[in-house]
Amino acid sequence: MTVAVAWHGDAVELAVTGELDTTTAPLLSDALARAAEDRPSAVVLNLGGVDFLASAGLSALIEANSGLGLPFALVVTTDQVRRPLAITGLDQFLPLYPSATAALAAASPGQGTRRRHHTPETPPLPRRHPQP
């Protein structure tokens, strides 16, 4: 797993690539904690590059949502991530967005005037329920 960090004004985006499982979940938690130390206005966790999401990864997402103390949003673009979130019901609890642009706009709405490219707010991903 790799985590790439990009700043968008005062907000930070962490783009995760690879598998998010028992081995890598602590690495993600560490990356999120380091990003929070820089006091961003919001944290966007882009899971577009995640090809496997295990229960330990789900736990790391829950911990980040409740423990960062900052506006937090997830970018979910694949079924490999969307499915475990839906099966566990976390898609009803975590703030999910279809793109980094939408997540950044929602997590830090006051920043629209500070970014070079203003992006209108986009609603979160529609909630999907697992098929029996």
Scan Ile87, Thr88, Val81 and name whichever one has a side-chain contact (heavy atoms from CB on, under 4.5 Å) with Leu58.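 Of all the options given, the one that passes is Thr88.
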Using side-chain contact (heavy atoms from CB on, under 4.5 Å), reason through Asp38 and Val12 one step at a time and then give a plain yes or no. CA-CA 9 Å; Asp38 290 332; Val12 65; over 6 Å; no
Could you pull out the closest heavy-atom pair between [X] and [Y], with the gap in Å?
{"X": "Ala6", "Y": "His8", "answer": "O-CD2, 3.7 Å"}
{"X": "Ala107", "Y": "Pro71", "answer": "O-CB, 3.2 Å"}
{"X": "Ala31", "Y": "Val3", "answer": "CB-CG1, 4.1 Å"}
{"X": "Pro95", "Y": "Phe72", "answer": "CG-O, 3.0 Å"}
{"X": "Pro40", "Y": "Ala36", "answer": "CD-O, 3.8 Å"}
{"X": "Glu13", "Y": "Asn46", "answer": "OE2-ND2, 2.9 Å"}

The criterion is side-chain contact (heavy atoms from CB on, under 4.5 Å); which residues satisfy it with Ser59, sequence neighbours excluded?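 With sequence neighbours excluded, Ser59 shows a side-chain contact (heavy atoms from CB on, under 4.5 Å) to no residue whatsoever.
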Anything under 3.5 Å between a donor and an acceptor, one on a side chain of residues 47-55, the other on a protein residue two or more places apart or in another chain? List them.
none

Sequence neighbours left out, cut at 3.5 Å: what donor-acceptor pairs do the side chains of residues 63-70 make with other protein atoms?
unit_1 : atom_1 : unit_2 : atom_2 : d
Ser66  : OG     : Ile62  : O      : 3.1

So do Leu90 and Leu61 actually touch side chain to side chain, heavy atoms under 4.5 Å?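 No. Closest side-chain heavy atoms not under 4.5 Å.
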Atom OG1 in Thr77, atom CZ in Arg82: separation rounded to 0.5 Å?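 Here the rounded value is 7.0 Å.
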Side-chain donor-acceptor distances from residues 14-28 under 3.5 Å, at least two apart:
unit_1 : atom_1 : unit_2 : atom_2 : d
Asp21  : OD1    : Thr23  : N      : 3.1
Asp21  : OD1    : Thr24  : N      : 3.2
Asp21  : OD1    : Thr24  : OG1    : 3.2
Thr24  : OG1    : Glu19  : O      : 2.7
Thr24  : OG1    : Asp21  : N      : 2.9

